[in-house]
K.L.:
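Got a structure for you, written out below as structure tokens; questions coming shortly.
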Amino acid sequence: MSLTIVCANKNVTKTLYLHRLTTLPYMRTKIAVANGDGIGPEIMEAVLKIFNAANVQLDYEFVEMGKSYFDAGHSTGMTAKAKETIETLGLLFKGPMETPKGKGVKSINVTARKVWNTYANQRDFRTLNGVNTVFSKAGIPINITIIRENIEDTYGGIEHLLTYDVAVGRRIITRPGSEQVIRYAFEMCRRKGLKKLACAHKANIMKLTDGLFLEVFQQVATEYPDIESSDIIVDDLCMKLVSRPETFEAIVLTNLQGDIVSDLCAGLVGGLGFAPSANIGDNISIFEAVHGTAPDIAGKGIANPTALLLSGISMLRFLGYSANAATIENALLYTLEQGVHTGDFGEKGTPSLNTVQFADAIISNLGEQPAQGAVIATEDFEAKHGISPVQNKLRFTKEGVVEEMIGVDVFVEADMQPDELATIAKKHLRYNENFELVMISNRGTQVWPTGSIYTELVNEYRIRFEKKEGSTIRQKEILHISADLSEDVKICSVEFLMNFNGKRGYTLAQGQ
Ligand code: NAD
């Protein structure tokens, strides 16, 4: 339910999201629904048919989003009305969507998650009776929840070709963004009664980005002594997920690593057809399946609606409809136990059902209890509710932070040997006497003042200048040094070197 308030003195309309109140049986909640592309409309129709049969008290406002809206000239893949509806209702239930290739437009799925700040992506993976895997056959039960950071990391999509040969992408990990998702992960563990949360990372290599995520995890963990916290290098995690999946309960990760690991977990429990996804934010949340539009089977009516149904069941819990959620989930589990299946899974000896027949089978089993243990009406999610913002929220840590400017990394295009480049760089120090040349690297490996003749070079170098002992430098002087250098070499980009609270805010080169 949402309640719209018009503030008399500010001429501002605010929306209060009151999802929790929807547990009252006489209240109906309106949500935004986007059918999606490819198999999207087929599986959405099946899921809503099951909801209606279970007498779920939801109203749906269908919104215009997806490929056809890109094709019609909407650069964000949705109409202005769709955006307004989603922002007002605060909840979007969506089918998979296709982003047109080669038109330079961003993925509508990633954009929606980022623009509306759905910072936590929760994906629950568990063994389902009737969905056979190597683990289920070996009697190894799997029940893993992945919490993936959903806004930051390489998904900022900030990439540049610095030279014709060299592309770079920015990986953004922030303290407030990490804290938001990590705190959500700990809270989720408490709600679900989980005892263990692991933080997976690659902080041994990405010391500042993954290092920051891990540092925040360790800080937040101190507030949750009831949850056993640990950290694990992501490659080790992948090996252990495949060899001992039953030892994990919940894992929190940065965006790209979380994306990869959650598909791995989908594979453990039977594939993408069984992978639900909830994108949780403080004002707007999005529920969808993990899989895409499956263009190879679109229009054939044979898609498996289970992943979208599991996402819908999570959404019902989020909205406070936990009794409905339990009834539908029990019917689904019972149906799977009976060996009922669509073409993408199940015993080959039993004929497969199409999407509509599969939904009808679940409907006919509403009220049944699965042998593997009936699900009871609990809420796995904490419904977020708040006053819709009137301006963008700023989140930053500033107080008590002592910053010191140390120098600069100037990235240049040059097709010469390191010694020649060092001679040019030193030439420009004549006018910039507060700086000294400390290092030149290529692809992150130091090649000057020392290096190896076996290091192969590309035409983009990093030249590191640091301030001399005892001197103070300003940004203006740093920009001067870059401007002077540009007389001899093409400048590709400039990064400042900073210390924060006396700690180095930049990494050393390999071999430095
Ligand atoms: P996909 O998930 O659509 O398909 C991968 C394989 O899994 C295909 O063989 C497909 O037939 C099968 N499959 C997927 N869902 C199924 C289902 N419910 N039932 C039965 N089989 C199913 O991945 P893709 O082919 O890489 O991507 C296709 C399109 O989907 C792309 O345009 C991609 O950008 C988009 N996509 C959208 C989302 C989203 O909306 N959240 C997510 C992933 C991909």
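Counting convention: from 1, in listed order, for ligands and their atoms alike.
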K.L.:
Hey, is the main chain of Glu152 close enough, under 3.5 Å, to the side chain of Asn255 for a donor-acceptor pair?
P.N.:
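Yes, because the side chain of Asn255 sits within donor-acceptor range (under 3.5 Å) of the backbone of Glu152.
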K.L.:
Checking side-chain polar atoms at under 3.5 Å, does Gln257 have a donor or acceptor matched by the opposite partner on Asp210?
P.N.:
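Yes, Asp210 and Gln257 have a side-chain donor paired with an acceptor closer than 3.5 Å.
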K.L.:
So, Ser322 and Arg317: side-chain donor and acceptor under 3.5 Å apart, yes or no?
P.N.:
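Judged by distance alone, the side chains do not pair up.
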K.L.:
Output the set of protein residues with a heavy-atom contact under 4.0 Å to ligand 1, ordered first by chain identifier and then by residue number.
P.N.:
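Ligand 1 pocket, heavy atoms under 4.0 Å: Ile39, Lys94, Pro96, Met97, Glu98, Asn109, Arg113, Leu272, Glu288, Val290, His291, Gly292, Thr293, Ala294, Pro295, Asp296, Ile297, Ala303, Asn304, Asp344.
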K.L.:
Check each of Ile50, Leu310, Val340 against Leu332 using the side chain to side chain contact (heavy atoms under 4.5 Å, CB included) test, and report the only one that passes.
P.N.:
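Looking at Ile50, Leu310, Val340, the match for Leu332 under the side chain to side chain contact (heavy atoms under 4.5 Å, CB included) is Leu310.
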K.L.:
For residues 291-300, which side-chain donor-acceptor pairs fall under 3.5 Å, sequence neighbours excluded?
P.N.:
| from | atom 1 | to | atom 2 | distance (Å) |
| --- | --- | --- | --- | --- |
| Lys300 | NZ | Asp296 | O | 3.2 |

K.L.:
Describe, in one word, how the ring planes of Tyr119 and Tyr184 are oriented to each other, choosing from parallel (under 30°), tilted (30 to 60°) and perpendicular (over 60°).
P.N.:
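Ring orientation of Tyr119 relative to Tyr184: perpendicular.
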